[in-house]
Amino acid sequence: MSRLMGLGAAFALAIVVACGGGEGEEQTSAETPATTPAESQSMEGQGEQMELPEGVTMEMVNQGETIYAGSGLCYTCHGANGEGVQGLGAALTDDEWLHSDGSYEGIVETVMNGVDTSASSTGTPMPPKGGSGISDEQVRAVSAYVWTLKS
Ligand code: HEC
């Protein structure tokens, strides 16, 4: 009898030890979430960089925003935020592209060449470069900005 009770005590002790070990594991896993925010931050950073099309930099996007609202005259027909103006320029913020596949190069081509009266859904043409005197390089910058509006 006393031998069996001895075994029982040893068994109980084993459970306590096992539980102790379990807690230790929990503590270790509790530390993992603490490192996660830093990891996801760096992943977000990579994501932002990867989202831009090839050959496009954030600098171009920022320059493009200034051109859009200034010397490029884009805002006059497409609205201050690219929301579009009824009967003039189409919205540039949606996923619907009337004159290209919506890719960066497609947008560059539309801005460079404009839209013919016959091609325009409103019958209003867009002159090449919006009729502004911006350079080809500025067209690429403003197109980069337009590309970022859609999402
Ligand atoms: C004189 C008015 C006018 C100006 C200025 C103008 N656009 Fe446009 N834009 C239009 C019109 C009109 C269309 C064709 C809309 C349609 O078919 O409904 C168009 C179409 C576009 C499209 C194609 C949209 C699509 O759905 O495929 C892009 C991109 C665009 N413009 C960008 C620009 C940028 C960038 C500028 C500034 C450099 C600019 N536009 C200046 C009138 C203008």
Side-chain angles (χ1 to χ4, degrees), residues 12-151:
L13 193 70
I15 289 171
V16 170
V17 170
C19 285
E23 271 170 36
E25 273 170 38
E26 268 173 41
Q27 273 172 13
T28 320
S29 62
E31 278 167 24
T32 316
T35 62
T36 309
E39 275 171 28
S40 66
Q41 255 177 24
S42 68
M43 275 170 69
E44 269 170 35
Q46 280 174 3
E48 271 169 31
Q49 276 168 13
M50 280 171 62
E51 266 178 37
L52 291 176
E54 217 182 311
V56 173
T57 62
M58 266 320 283
E59 207 183 333
M60 284 166 74
V61 173
N62 292 334
Q63 269 176 14
E65 189 171 2
T66 310
I67 295 163
Y68 182 94
S71 57
L73 307 175
C74 320
Y75 68 98
T76 55
C77 292
H78 291 284
N81 302 304
E83 70 275 20
V85 176
Q86 188 89 46
L88 285 174
L92 304 174
T93 48
D94 54 19
D95 259 348
E96 214 186 309
W97 296 96
L98 305 166
H99 301 287
S100 70
D101 58 3
S103 68
Y104 172 63
E105 291 302 332
I107 294 168
V108 169
E109 221 177 292
T110 306
V111 178
M112 207 68 97
N113 302 324
V115 177
D116 278 351
T117 311
S118 56
S120 170
S121 76
T122 59
T124 309
M126 169 172 158
K129 297 181 179 177
S132 72
I134 59 174
S135 69
D136 289 4
E137 205 185 324
Q138 285 173 314
V139 167
R140 297 194 73 81
V142 78
S143 299
Y145 169 66
V146 168
W147 188 88
T148 64
L149 291 177
K150 67 178 178 182
S151 43

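Just follow the structure's listing: the first ligand is 1, and inside any ligand the first atom is 1. We use all heavy atoms of the structure for the numbers below, so side chains are in, but hydrogens, waters and symmetry mates are not. Start at 1 with the first residue, then count along the sequence.
Using modelled atom types, no side-chain atom of Asn81 and backbone atom of Glu83 make a donor-acceptor pair closer than 3.5 Å. Between the side chain of Tyr75 and the backbone N or O of Gly82, no donor-acceptor pair lies under 3.5 Å. A donor-acceptor pair under 3.5 Å is absent between the side-chain atoms of Ser120 and the main chain of Thr117, judged by distance alone. Of the possible donor and acceptor atoms, one in the side chain of His78 sits under 3.5 Å from a partner among the backbone N and O of Ala90. Of the possible polar contacts, none joining the Gln63 side chain to the Met60 backbone as a donor-acceptor pair under 3.5 Å is found.
Listed by number with element, the atoms of ligand 1 under 4.0 angstrom from any heavy atom of Gly72 are 37 (C), 38 (C). With ligand atoms numbered from 1 in the order given, ligand 1 contributes 35 (C) to contacts under 4.0 Å with heavy atoms of Val146. Near Leu73, meaning under 4.0 Å from any of its heavy atoms, are these atoms of ligand 1: 5 (C). Close approach to Glu96 involves these atoms of ligand 1, each under 4.0 Å from a residue heavy atom: 26 (O). The distance from ligand 1 to the heavy atoms of Leu88 drops below 4.0 Å at these ligand atoms: 11 (C), 12 (C). Short contacts between ligand 1 and Thr76, defined as distances under 4.0 Å to a heavy atom of the residue, involve ligand atoms 5 (C). Ligand 1 places these atoms under 4.0 Å from at least one heavy atom of Gly89: 10 (C), 11 (C), 42 (C).
When only interatomic distances are considered, the shortest N/O to N/O separation between Pro127 and ligand 1 does not fall below 3.5 Å. The shortest N/O to N/O separation between His99 and ligand 1 falls below 3.5 Å. Taking only nitrogen or oxygen atoms, main chain and side chain alike, Ser121 reaches within less than 3.5 Å of ligand 1.
When all heavy atoms of Gly79 and Val85 are compared, the closest pair comes out as N-CG2, 3.6 Å. Smallest separation of non-hydrogen atoms from Cys77 and Leu88: O-CB, 3.9 Å. The two residues Tyr145 and Glu65 make their nearest non-hydrogen contact at CE1-CG, 3.6 Å. The two residues Ala80 and Tyr68 have their closest heavy-atom pair at O-CE2, 3.8 Å.
Using a 4.0 Å cut-off between charged nitrogen and carboxylate oxygen, Lys150 and Glu96 do not count as a salt-bridge pair.
With respect to atom 2 (C) of ligand 1, the closest heavy atom belonging to the protein is Cys77 SG, 1.8 Å. Counting protein heavy atoms only, atom 28 (C) of ligand 1 is closest to Leu92 CD2, 3.6 Å. The shortest contact between atom 25 (C) of ligand 1 and any protein heavy atom is with Leu98 N, 3.3 Å. Among all non-hydrogen protein atoms, the one lying nearest atom 40 (N) of ligand 1 is His78 NE2, 2.8 Å.
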(request) Dump the intermediate steps for side-chain hydrogen bond (donor to acceptor under 3.5 Å, both in side chains) on Ser118 and Asp116, then the final yes or no. (result) CA-CA 5 Å; Ser118 56; Asp116 278 351; 4.6 Å; no
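Selection from Glu109, Lys150, Met126 by nearest heavy atom to atom 33 (C) of ligand 1 gives Met126.
Among the atoms of Thr110, none of the N, O or S atoms falls under 2.8 Å from atom 8 (Fe) of ligand 1. For Cys74, every N, O or S atom stays at 2.8 Å or more from atom 8 (Fe) of ligand 1.
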